Amino acid sequence: MYGLIDCNNFYASCERVFQPKLEGIPIVVLSNNDGCVVARSQEVKDLGIKMGVPVFQIKNEIKQHNIKVFSSNYTLYGDISNRVMSTISEFVANYEVYSIDEIFVDFTGFEKHFDLVEYAKEIKNTVRRNTKIPVSIGIASTKTLAKAANKLVKKHHRDIGVCYIKNQIEARELLKDFDVADIWGIGRQYDRLLKKHGFNTALQLMDASDVWIRKNLSIVGERLVNELRGIPCIEMEEVKPNKKGICVSRSFGKMIDDLPTLSESLSTHANRASQKLREQNSNTSLISVFIHTNRFRSDLPQYFASKDIKLPIPTNDGGNIIKAALKGLELIYKEGYKYKKCGIYLNDITSADGIQQNLFEEDDSDKKNRLNKAMDILNKKFGKETLVYGVQGFKKEWKLRQENLSLSYTTKLSDIPIVNLNKS
DNA sequence: TCTGGGGTCCTAGGACCC
DNA sequence: TCTGGGGTCCTAGGACCC
């Protein structure tokens, strides 16, 4: 038995933790650069505002319904997420943190000793008490069914917050009205394909022909259908495997046309990417950089470019990676365009232990390792970007727009909430 | 004026080997 | 008129997830 525990309207709920007066008030949280809506409170969902809409398209609704708007505050959400996950980890031995607001838990064997619904309710109440975050819990014999159960909570069992699919008889009953589009692993394209061939509900998909599924949805679809049938095909991943690719990119707060400013921004992303690499004790030997203009501005000339740089020796040194990135940037930069975004991908990722040296280049990796270690320690202790490379610049003209950022209540001493006892 | 930022896995097809 | 049979590796692109 698997459980999927998911935080309701997570980012919006986080914003409410330290501002309880926002309870019941419609809230949206925006993507980086205050671009799109990435999280909505229930009140906003009820208004019919869709996930992902550009915020300028809902200006009127925001005004009309007095919707409170927040820039995304990942420092806060990350910290609250850790609290939620650690509370849940007290209840189960095996679990997989699946995303910032979701966790799979392994309930195998629990059903023999506990009433699973009651046990789940206790988890839910404890999380709420410890963190103030509301969660929903779906339980079933496979991860895909647990995901579906979790969706069903939001439709039919919001009061209890738990949905338990005990066996396949119940699964068939509950999934007979379940839209294929809502199945974990069915996206827009597969939804269209399935509907075209008459598969509208999860139940119909459960009874589909294996050959047809294999042919049209590949092995991924075959696994998915078996999971719906109660045959587990997707295992728990309790330890996070190292990333095989690392990407850091951002849109600019305003459009940029000159190489020096682009270089500052790209250096910053490159440095951040090198930190991520070091966090998992890996090296890269293939760096790609890209820049592009604003694809929505059809009135402006468009330019999209990327460049791969192969490194002779795998590295995780910030200086090396920045140097390679800037070399790539110079090769693709063209004057006369208004750039909107740049970024860096690190690929060909290998372990940082046991590097194959190059016969013809001097080995200064020991010195660089010590430098990087020192930088990482300082930035961890005194806050990120305390110590940076000079090429990253100081003016940060390209930085994100974040006009409605809440405080870092839990991670920054100066932002800690103050309780005024006298007043109350 | 204004449109996010990360990831994973799978397949097909081409280049190459003997 | 007729042109083998078996592999591997890599990449680009497309699907998906949050």
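The chains referred to below are lettered A, B, ... by the order of the sequence lines, with proteins before strands, and numbering in each begins at 1. Predicted model, so just to flag it, every value in this text is computed and none were measured.
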Give one of base, sugar-phosphate or nothing for [X], where a contact means two heavy atoms less than 4.0 Å apart.
X	result
A:K147	sugar-phosphate
A:D34	nothing
A:I186	sugar-phosphate
A:K340	sugar-phosphate

Rounded to whole angstrom units, what separation is found between the [atom1] atom of [X] and the [atom2] atom of [N]?
X	N	atom1	atom2	result
A:I62	B:dC2	CD1	C1'	11 Å
A:E222	C:dA15	CD	C1'	16 Å
A:N32	B:dC2	CG	C1'	15 Å
A:H292	B:dG4	NE2	P	9 Å
A:E403	B:dG4	CD	C1'	16 Å
A:I234	C:dC16	CD1	P	15 Å
A:L4	C:dC17	CG	P	14 Å
A:Y98	C:dC17	OH	C1'	4 Å

Any side-chain N or O of [X] less than 4.0 Å from the OP1 or OP2 oxygen of [N]?
X	N	answer
A:R297	B:dC2	yes
A:N33	B:dC2	no
A:S31	B:dT3	no
A:K341	B:dG5	yes

Item to check | Centroid-centroid distance, A:F252 to A:Y339, less than 6.0 Å | outcome: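 Here the rings of A:Y339 and A:F252 have centres that are no less than 6.0 Å from each other.
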Checklist entry - Do A:Y77 and A:Y11 have ring centroids that are under 6.0 Å from one another? => result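 Ring centroids of A:Y11 and A:Y77 are less than 6.0 Å from each other.
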Checklist entry - Short question: side chain of A:R401, backbone of A:G253 - any donor-acceptor pair under 3.5 Å? => result yes
Item to check | Of A:R223, A:M206, A:Q168, the residue whose pairing with A:L228 passes side chain to side chain contact (heavy atoms under 4.5 Å, CB included) | outcome: A:M206
Checklist entry - What string of B, S and - do you get for nucleotides 6-14 of chain B, 5' to 3', when a contact is any protein heavy atom under 4.0 Å? => result SSSSSS---
Item to check | Geometric cation-pi criterion, A:K396 with A:F394: 6.0 Å, 45° | outcome: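 No, A:K396 and A:F394 do not form such a contact.
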Next on the checklist: Would A:K155 and A:F178 count as a cation-pi pair here, with the cationic atom under 6.0 angstrom from the ring centre and within 45° of the axis?
Outcome noted: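 A:K155 over A:F178 ring: yes.
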Checklist entry - Closest to the A:V38 side chain: B:dG4, C:dC18, C:dC16? => result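 My answer, after comparing the listed nucleotides, is B:dG4.
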Checklist entry - Among C:dC18, B:dC2, C:dC16, which nucleotide sits nearest the side chain of A:W184? => result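 Looking only at heavy atoms from C-beta outward on A:W184, the closest nucleotide is C:dC18.
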Checklist entry - With under 30° as parallel and over 60° as perpendicular, where do the rings of A:W184 and A:F104 fit, or are they tilted in between? => result tilted
Item to check | Charged N-O contact under 4.0 Å between A:K143 and A:E96 | outcome: yes
Next on the checklist: Assess whether a salt bridge exists between A:D179 and A:K195, defined as any Lys/Arg side-chain N lying under 4.0 Å from an Asp/Glu carboxylate O.
Outcome noted: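 Yes, this pair counts.
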Checklist entry - Which heavy-atom pair separates A:N242 from A:S282 by the least distance, and what is that distance? => result ND2-OG, 3.9 Å
Checklist entry - Which dot-bracket notation, 5' to 3', represents the base pairing of DNA chain B when pairs are defined as Watson-Crick or G-U with both distances under 3.5 Å, crossing pairs as [ ], and inter-strand pairs as |? => result ....||||||||||||||
